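What follows is one structure encoded as structure tokens, with my remarks underneath.
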Amino acid sequence: MQVQRLENRICSQIISINDTIRFVGILCKCGRLKAYDRKKGITPQLTVPETKLVHREALLKAKMNKVFDGKLGKTNWAIECRDNVKWITVYHGKDLILLSTDISSDHDSIVNTVQRILD
């Protein structure tokens, strides 16, 4: 139960970094969402099945990135910018921290702050 509370606290801290963050979740190595927080007053852009698919995609990308770890080093974070949203993935041990932000977000600042929270 302690771990769950810690993960929920981490999500709460990350969502409060700034107003451009819409969603933050912690995804375990098997693809299960361990904890999450969502910006108050917004409507999710994806349905529940679509959200689960996005989580699987993030997990698959993370596994694919490991192929290059030997030559390029491990991936610390990744970003995908779409027309309506930025997806930020921060690698944290065996877990992934997933963030959905407005496209206007300062992702460098967000990533740096998330990494400080995780340390």
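As the structure is a computational prediction, the values presented were derived from the model and not from experiment.
Hydrophobic side-chain contacts under 4.5 Å tie Val67 into a cluster, directly or through other members, with Phe68, Leu72.
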Quick one, Thr89 with Glu80, criterion side chain to side chain contact (heavy atoms under 4.5 Å, CB included). Give me CA distance, side-chain angles, the key distance, then yes/no. CA-CA 9 Å; Thr89 305; Glu80 181 176 340; over 6 Å; no

Checking side chain to side chain contact (heavy atoms under 4.5 Å, CB included) for the pair Tyr91/Leu96: CA distance, chi angles, key distance, verdict? CA-CA 5 Å; Tyr91 292 61; Leu96 297 176; 3.8 Å; yes

Chi angles and distances behind the side chain to side chain contact (heavy atoms under 4.5 Å, CB included) call for Phe23, Leu99: CA-CA 5 Å; Phe23 169 87; Leu99 293 94; over 6 Å; no

Would Ile110 and Thr20 count as a side chain to side chain contact (heavy atoms under 4.5 Å, CB included) here? Give the steps. CA-CA 10 Å; Ile110 291 171; Thr20 64; 3.8 Å; yes

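Listed here is the closest heavy atom pair of Cys11 and Val24: O-CG1, 3.3 Å. Among all heavy-atom pairs drawn from Cys28 and Leu59, the shortest one is O-CD1, 3.9 Å. The two atoms that bring Gly25 and Leu33 nearest to each other are CA-CD1, 3.9 Å, heavy atoms only. For the pair Ile117 and Gln13, the tightest heavy-atom approach, listed with the atom from each and the gap, is CG2-OE1, 3.6 Å.
Residues Lys63 and Asn65 bring no donor and acceptor atom of their side chains to less than 3.5 Å of each other. A donor and an acceptor atom, one from each side chain of Arg9 and Ser12, are nowhere located under 3.5 Å apart.
In this structure, CG in Leu98 is found 5.0 Å from CG in Leu27, a value given to the nearest 0.5 Å. Taking CH2 of Trp77 as the reference point, atom CD1 of Ile88 lies at 7.5 Å (rounded to 0.5 Å). To the nearest 0.5 Å, atom CD1 of residue Ile17 and atom OG of residue Ser105 are 10.5 Å apart. If you take NE2 on His107 and CG on Asn112, they are separated by 10.0 Å, rounding to the nearest 0.5 Å. Distance check: Trp87 CH2 to Lys61 NZ gives 10.5 Å after rounding to the nearest 0.5 Å. A distance of 8.0 Å separates CD1 in Ile21 from OG in Ser16, rounded to the nearest 0.5 Å.
Using a 4.5 Å heavy-atom threshold, the side chains of Val85 and Thr101 count as separate. Using a 4.5 Å heavy-atom cutoff, the side chains of Ile14 and Asp37 are not in contact. Looking at heavy atoms from C-beta onward, Ile42 lies out of side-chain contact with Lys40 at the 4.5 angstrom threshold.
Between the side chain of Arg82 and the backbone N or O of Ile103 there is no donor-acceptor pair closer than 3.5 Å.
Note on Ile15: it clusters hydrophobically with Ile79, by side-chain heavy-atom contacts below 4.5 Å among ILVMFWY residues.
Evaluation of the salt bridge (Lys or Arg N to Asp or Glu O under 4.0 Å) test over residues 86-105, restricted to residues two or more places apart or in two chains, returns Lys34-Asp95.
Scored by the side-chain hydrogen bond (donor to acceptor under 3.5 Å, both in side chains) test, Thr47 finds Glu50 as partners (sequence neighbours excluded).
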